[in-house]
Amino acid sequence: MTNQEPAARQGNPGTPQPDQTDGRVVRPNRGGAADVAAAAGQTLPESVAVVGAGTMGHGIARVFASGGVPVRLADRTLELARAGRDAIADGLSDTAAAVVDLVTPVGDTADAVAGAALVIEAVPEDLALKRAVWQAIGAHAPRGATLASNTSSYDIGLLAEAAGAPARVLGMHWYNPPYLVPCVEVVRTDAVAPDRVAALLGWLTALGKRPAVTANTAGFVGNRLQFAMVAEAFRCLAEGVATAPDIDAIVRGSFGFRLGDYGPFEIADLAGLDVYRAILDYLAEHLGERFAAPSNLVELAAAGRCGAKSGHGVYEWPGETARRARADRDRRLAARLNSIDAGGQNR
Ligand SMILES: NC(=O)c1ccc[n+]([C@@H]2O[C@H](COP(=O)([O-])OP(=O)(O)OC[C@H]3O[C@@H](n4cnc5c(N)ncnc54)[C@H](O)[C@@H]3O)[C@@H](O)[C@H]2O)c1
């Protein structure tokens, strides 16, 4: 981190007034997992087993227990499972004893998963270990149970094969800390029926999460995007383009500042796809093929579908949508800036 003092604040001139929009999020299109979850209805599973009570497992158990769902939290030994429950208690106030009471530590996977409607595996990223644990889950979980792995990288099909239950195994990729980060990637395989995916989305939504669905491919979406940025940041550092504190400051204070509210396609449509195409062409020429404009972006720009300014882009922007979305964006980002400043986090 930088040792520099934060720059003196000048206030946030031009802060839009809240009544510039009707207060709802203005997005060009909805769709995706949120609509599927709404259609599925937001219920909760009757009981959950979490296998692996470490960094992720105890946090995932906390989310379900906080939603009132009984959780059996398993680890290699009962002591480790108890430590996971203690970590949940440590992270909650004393008034949340009822949440902790919903978590039962268990020292054995077979015992933990018997009777669970949903099993979530969160043991270390070691394929041989995961295979062994998945064999036990497949052998002892109820036949109707939904089975999910929090793996960061493995092919879900390999775990499903170990479990002998391809139609019931999905990826469920949480981000740390699970009780705070809203998105959970639900990784579907071709063997899993859409209604099982929809039920899982409904459960997560009922818990206040914002799930999204991805195919079963390396890195899913989150890590594929995140690690593209991380790899480029290391390249910038190695080339002496900027110092580590300055690279961090650039990400935090520029495009990273927007990312909490807007995804890459919303940002690109508001910026202009023709502009993005031109930038990528220049970057590819000077930095290499890894920046080559993808064919779908080239086609959109060539067809004049340049985003909000042309009424069409990755999304459709009919009528007043673009104007309202811009006003909404300015209001949201001003609120974000003010909350960062108010928290004394402006670095
Ligand atoms: N840490 C992260 O930020 C993060 C984020 C997303 C996904 N993940 C993934 O989540 C999974 C768990 O990661 P973590 O960071 O919680 O690891 P961790 O090491 O903190 O916890 C793993 C737990 O599993 C237990 N365990 C080991 N063998 C076991 C067995 N046979 N049966 C039951 N429990 C066993 C360990 O004792 C430990 O408590 C990994 O697949 C990881 O890639 C991690």
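All ligand and atom numbering here is 1-based and tracks the order in the structure. The figures here come from the full heavy-atom set of this structure, side chains too, leaving out hydrogens, waters and symmetry mates.
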A.B. asks: Within the structure, is a non-hydrogen atom of E121 found at a distance of less than 4.0 Å from ligand 1?
C.D. replies: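 Under 4.0 Å: no for E121.
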
A.B. asks: Determine whether the side chain, the backbone, both or neither of W174 has a heavy atom under 4.0 Å from any heavy atom of ligand 1.
C.D. replies: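 It is the backbone that touches ligand 1; the side chain stays farther off.
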
A.B. asks: How far is atom 41 (O) of ligand 1 from its nearest protein heavy atom, and which residue and atom name does that atom have?
C.D. replies: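 The closest one turns out to be E125 OE1, 2.5 Å.
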
A.B. asks: Among all protein heavy atoms, pick out the one at the shortest distance from atom 15 (O) of ligand 1; state its residue, atom name and that distance to 0.1 Å.
C.D. replies: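 Here the closest protein heavy atom is T55 CB, 3.6 Å.
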
A.B. asks: Would one find more than 12 heavy atoms of other residues, nucleotides or ligands at under 6.0 Å from atom CZ of F257?
C.D. replies: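 Correct, the count exceeds 12.
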
A.B. asks: In terms of atom number and element, which parts of ligand 1 are under 4.0 angstrom from non-hydrogen atoms of T151?
C.D. replies: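 Every atom of ligand 1 under 4.0 Å from some heavy atom of T151: 41 (O).
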
A.B. asks: Run the numbers for me: atoms of ligand 1, each under 4.0 Å from some heavy atom of K130, listed by number.
C.D. replies: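 Once the distances to K130 are compared, the set is 40 (C), 41 (O).
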
A.B. asks: Please determine, by modelled atom types, if T146 and R196 share a side-chain donor-acceptor pair under 3.5 angstrom.
C.D. replies: yes

A.B. asks: Do any nitrogen or oxygen atoms of L80 lie less than 3.5 angstrom from nitrogen or oxygen atoms of ligand 1?
C.D. replies: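 Looking only at distances, the answer is no, because the N/O contact criterion of under 3.5 Å is not met.
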
A.B. asks: Got the closest protein heavy atom to atom 30 (C) of ligand 1, with its distance?
C.D. replies: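 Looking only at protein heavy atoms, the one closest to atom 30 (C) of ligand 1 is R76 CG, 3.5 Å.
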
A.B. asks: Under a single-linkage definition using a 4.5 Å side-chain heavy-atom cutoff for Ile, Leu, Val, Met, Phe, Trp and Tyr, are V133 and V48 assigned to the same hydrophobic cluster?
C.D. replies: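 Cluster IDs for V133 and V48 differ.
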
A.B. asks: Does the side chain of S149 come under 3.5 Å of the side chain of E121 through a donor N or O and an acceptor N or O?
C.D. replies: yes

A.B. asks: Considering the heavy atoms of H173, write down every atom of ligand 1 situated less than 4.0 Å from one of them.
C.D. replies: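 Per the distance check, 6 (C), 7 (C).
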
A.B. asks: Verify the contact flag for atom 10 (O) of ligand 1, where contact means a protein heavy atom under 4.0 Å away.
C.D. replies: yes

A.B. asks: Please write down residue, atom name and distance for the protein heavy atom closest to atom 8 (N) of ligand 1.
C.D. replies: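 Among all protein heavy atoms, the one nearest atom 8 (N) of ligand 1 is S152 OG, 3.2 Å.
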
A.B. asks: At a 4.0 Å threshold, what atoms of ligand 1 neighbour a non-hydrogen atom of L129?
C.D. replies: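 The list of qualifying atoms is 28 (N), 31 (N).
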
A.B. asks: Check this for me, if you would: do R62 and D90 make a salt bridge, where the nitrogen-to-carboxylate-oxygen distance has to be below 4.0 angstrom?
C.D. replies: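 So R62 does not pair with D90 through a salt bridge.
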
A.B. asks: Which atoms of ligand 1 sit under 4.0 Å from any heavy atom of V123?
C.D. replies: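 Every atom of ligand 1 under 4.0 Å from some heavy atom of V123: 11 (C), 12 (C), 24 (O), 29 (C), 33 (C), 34 (N), 35 (C), 40 (C), 41 (O).
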
A.B. asks: Atom 22 (C) of ligand 1: which of P124, A136, G52 has the nearest heavy atom?
C.D. replies: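 Nearest heavy atom to atom 22 (C) of ligand 1 lies in P124.
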
A.B. asks: As an exercise, state the distance from CG of D328 to OG1 of T321, rounded to the nearest 0.5 Å.
C.D. replies: 12.0 Å

A.B. asks: For V133, counting its heavy atoms only, list the atoms of ligand 1 lying under 4.0 Å from any of them.
C.D. replies: 30 (C), 31 (N)

A.B. asks: More than 12 heavy atoms of other residues, nucleotides or ligands under 6.0 Å from CZ of F265: yes or no?
C.D. replies: no

A.B. asks: Flag yes if more than 12 heavy atoms outside N176 fall under 6.0 Å of its CG atom; otherwise flag no.
C.D. replies: yes

A.B. asks: For atom 21 (O) of ligand 1, what's the nearest protein heavy-atom neighbour? Residue, atom name and distance, please.
C.D. replies: G54 CA, 3.3 Å

A.B. asks: For atom 2 (C) of ligand 1, what's the nearest protein heavy-atom neighbour? Residue, atom name and distance, please.
C.D. replies: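 For atom 2 (C) of ligand 1, the nearest protein heavy atom is M56 SD, 3.6 Å.
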
A.B. asks: Salt bridge or not between E299 and R277? Use side-chain N to carboxylate O under 4.0 Å.
C.D. replies: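 The answer is no: the pair does not qualify as a salt bridge.
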
A.B. asks: Kindly assign one of parallel, tilted or perpendicular to the pair Y315 and W317, based on the angle between their ring planes and the thresholds 30° and 60°.
C.D. replies: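 Y315 and W317: perpendicular rings.
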
A.B. asks: Pick out which of I60, V187, V184 makes a side chain to side chain contact (heavy atoms under 4.5 Å, CB included) with M172.
C.D. replies: V184

A.B. asks: Suppose we measure from atom 26 (N) of ligand 1 to each protein heavy atom; which comes out shortest, and what is that distance?
C.D. replies: D75 OD1, 3.6 Å

A.B. asks: Consider side chain to side chain contact (heavy atoms under 4.5 Å, CB included). Of V63, V71, L73, which one does I88 pass it with?
C.D. replies: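 Single side chain to side chain contact (heavy atoms under 4.5 Å, CB included) partner of I88 among V63, V71, L73: L73.
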
A.B. asks: Identify, by atom number and element, the atoms of ligand 1 in contact range of N176, meaning under 4.0 Å from any of its heavy atoms.
C.D. replies: 3 (O)

